[in-house]
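Note: hydrogens, waters and symmetry copies are ignored here, and every other heavy atom, side chains too, is used.
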Amino acid sequence: MSDQQRDVIEVLEHDHREVEQMFAELESLRGAATDEEKARRKDLTDQVTIELVRHSVAEEVLVYPKVEKKVSAEEAEHARKEHAEAEETLQRLEKLDADDPAFDDELATLMREIRHHIEDEEGEMFAHMRKAIDADELRRLGRQVEAFKKVAPTHPHPSVPNTPLPRLAAGPAASLFDRMRDLATGRGTDD
Ligand SMILES: [Fe+2]
Ligand SMILES: [Fe+2]
């Protein structure tokens with residue numbers, strides 16, 4: 001719609017800022033006392049999970065292959081490894097009730113992993129992409145990432161904020177990461 005298509009780095013950095021905002025609110029809710037605060041914390045955790053999954057899968061399917069080809073295979077590999085670690089943390093986190101003492105620890109682990117990963121991406125990978133990939137291609141990738149994020153669900157289950165994420169009900173085999181990967185690859189990219 002807009003002719004001011006954001007390039008892929010702008011799109012991804014915007015996502016990073018959103019995630020950091022949610023993390024900051026989650027930190028302010030640590031040790032939440034009231035039911036309302038606890039519900040908000042659980043709800044925010046679900047939201048940040050969905051956002052991280054959509055973002056990470058978009059990167060894995062659309063962005064990292066380009067990085068592999070045009071920037072550095074090692075950098076792409078490193079980023080995929082960090083995604084895999086964060087995915088494991090997310091999977092442990094989703095099995096925990098927000099009242100569980102381990103919940104805060106897993107949440108803190110997730111924040112540490114993701115903040116570190118964002119630093120790596122913005123400080124190194126994205127900077128290298130700007131040098132190695134031309135502006136048109138960066139904009140085209142930006143369009144693809146935005147299109148993917150539109151078809152991916154934006155919220156786990158808005159009407160029932162305090163229940164576990166739907167993928168839990170579907171069993172461990174159908175993790176949201178897997179479903180997103182299918183969705184992203186099934187749509188195909190003109191690569
Ligand atoms: Fe990212
Ligand atoms: Fe990433």
Side-chain angles (χ1 to χ4, degrees), residues 6 10-63 79-80 82-122 142 145-184 187:
R6 292 184 302 168
E10 292 165 332
V11 172
L12 296 174
E13 288 185 344
H14 181 258
D15 287 352
H16 290 171
R17 301 292 84 74
E18 278 184 353
V19 164
E20 283 167 350
Q21 269 181 25
M22 288 190 264
F23 280 173
E25 190 179 349
L26 277 166
E27 277 176 330
S28 77
L29 289 167
R30 198 184 160 101
T34 68
D35 285 351
E36 200 185 347
E37 282 173 346
K38 285 179 193 164
R40 174 73 184 146
R41 202 172 61 137
K42 180 67 183 151
D43 202 27
L44 257 181
T45 304
D46 287 353
Q47 273 181 47
V48 87
T49 298
I50 294 293
E51 177 54 29
L52 285 172
V53 172
R54 286 197 307 168
H55 176 93
S56 303
V57 173
E59 285 180 339
E60 288 173 18
V61 174
L62 299 166
V63 182
R80 286 183 197 280
E82 290 183 344
H83 280 198
E85 283 165 13
E87 182 180 358
E88 281 176 23
T89 307
L90 283 170
Q91 282 171 348
R92 288 194 304 273
L93 193 58
E94 75 175 357
K95 294 194 181 88
L96 293 170
D97 192 89
D99 277 336
D100 194 306
F103 186 90
D104 278 336
D105 292 341
E106 292 294 357
L107 198 53
T109 300
L110 180 72
M111 291 190 211
R112 195 177 58 243
E113 287 171 342
I114 296 296
R115 281 170 172 151
H116 166 83
H117 179 66
I118 286 175
E119 247 177 62
D120 275 4
E121 285 190 338
E122 295 188 9
V145 167
E146 286 185 325
F148 169 70
K149 291 191 69 197
K150 260 185 214 133
V151 297
T154 55
H155 196 281
H157 208 170
S159 59
V160 199
N162 293 317
T163 56
L165 300 183
R167 65 188 186 278
L168 253 193
S175 91
L176 195 52
F177 268 89
D178 294 333
R179 282 168 28 209
M180 292 279 171
R181 284 185 189 113
D182 291 346
L183 184 60
R187 290 182 65 79

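Between the CZ atom in Arg112 and the CG atom in Leu107 there is a gap of 11.5 Å [rounded to 0.5 Å]. Separating the CG atom in Asp105 from the OG1 atom in Thr89 is a distance of 12.0 Å, to the nearest 0.5 Å. For the atom pair CD (Glu122) and CG (Leu12), the distance works out to 9.0 Å, reported to the nearest 0.5 Å. The line from NE2 of His83 to CG of Leu90 is 11.0 Å long, rounded to the nearest 0.5 Å. Note: His116 NE2 to Ile118 CD1 = 11.0 Å, rounded to the nearest 0.5 Å. Atom CZ in Arg92 sits 9.5 Å away from atom CG in Leu110 (nearest 0.5 Å).
When every heavy atom of Val145 is checked against every heavy atom of Ala58, the shortest pair comes out as CG1-CB, 4.2 Å. Smallest separation of non-hydrogen atoms from Ala98 and Lys42: CB-CD, 4.1 Å. Among all heavy-atom pairs drawn from Leu26 and Thr45, the shortest one is CD2-OG1, 3.6 Å. Of all heavy-atom pairs spanning Ile114 and Ala86, the tightest one is CD1-CB, 3.8 Å.
Among Glu121, Glu113, Glu119, the single residue meeting the side chain to side chain donor-acceptor pair (under 3.5 Å) criterion with His117 is Glu121. The residue from His55, Arg54, Gln47 that alone fulfils the side chain to side chain donor-acceptor pair (under 3.5 Å) condition with Glu51 is Arg54.
Salt-bridge check for Arg17 with Glu20: passed, with a basic side-chain N closer than 4.0 Å to an acidic carboxylate O. Ionic pairing of Arg115 and Glu27 is present here: one or more N-O contacts between side-chain nitrogen and carboxylate oxygen are shorter than 4.0 angstrom. The pair Arg41-Asp104 counts as a salt bridge, with a side-chain nitrogen and a carboxylate oxygen less than 4.0 angstrom apart.
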Would Thr49 and Glu94 count as a side-chain contact (heavy atoms from CB on, under 4.5 Å) if you check the C-alpha gap in whole Å, the side-chain angles of each, and the deciding distance to 0.1 Å? CA-CA 9 Å; Thr49 298; Glu94 75 175 357; 5.6 Å; no
Start with the C-alpha gap between Leu44 and Val48, add the side-chain angles, then the distance that decides, and say whether side-chain contact (heavy atoms from CB on, under 4.5 Å) holds. CA-CA 6 Å; Leu44 257 181; Val48 87; over 6 Å; no
Leu62/Phe148 under side-chain contact (heavy atoms from CB on, under 4.5 Å): CA gap, chis, key distance, verdict: CA-CA 9 Å; Leu62 299 166; Phe148 169 70; 4.1 Å; yes
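No side-chain heavy atom of Glu10 sits under 4.5 Å from any side-chain heavy atom of His14.
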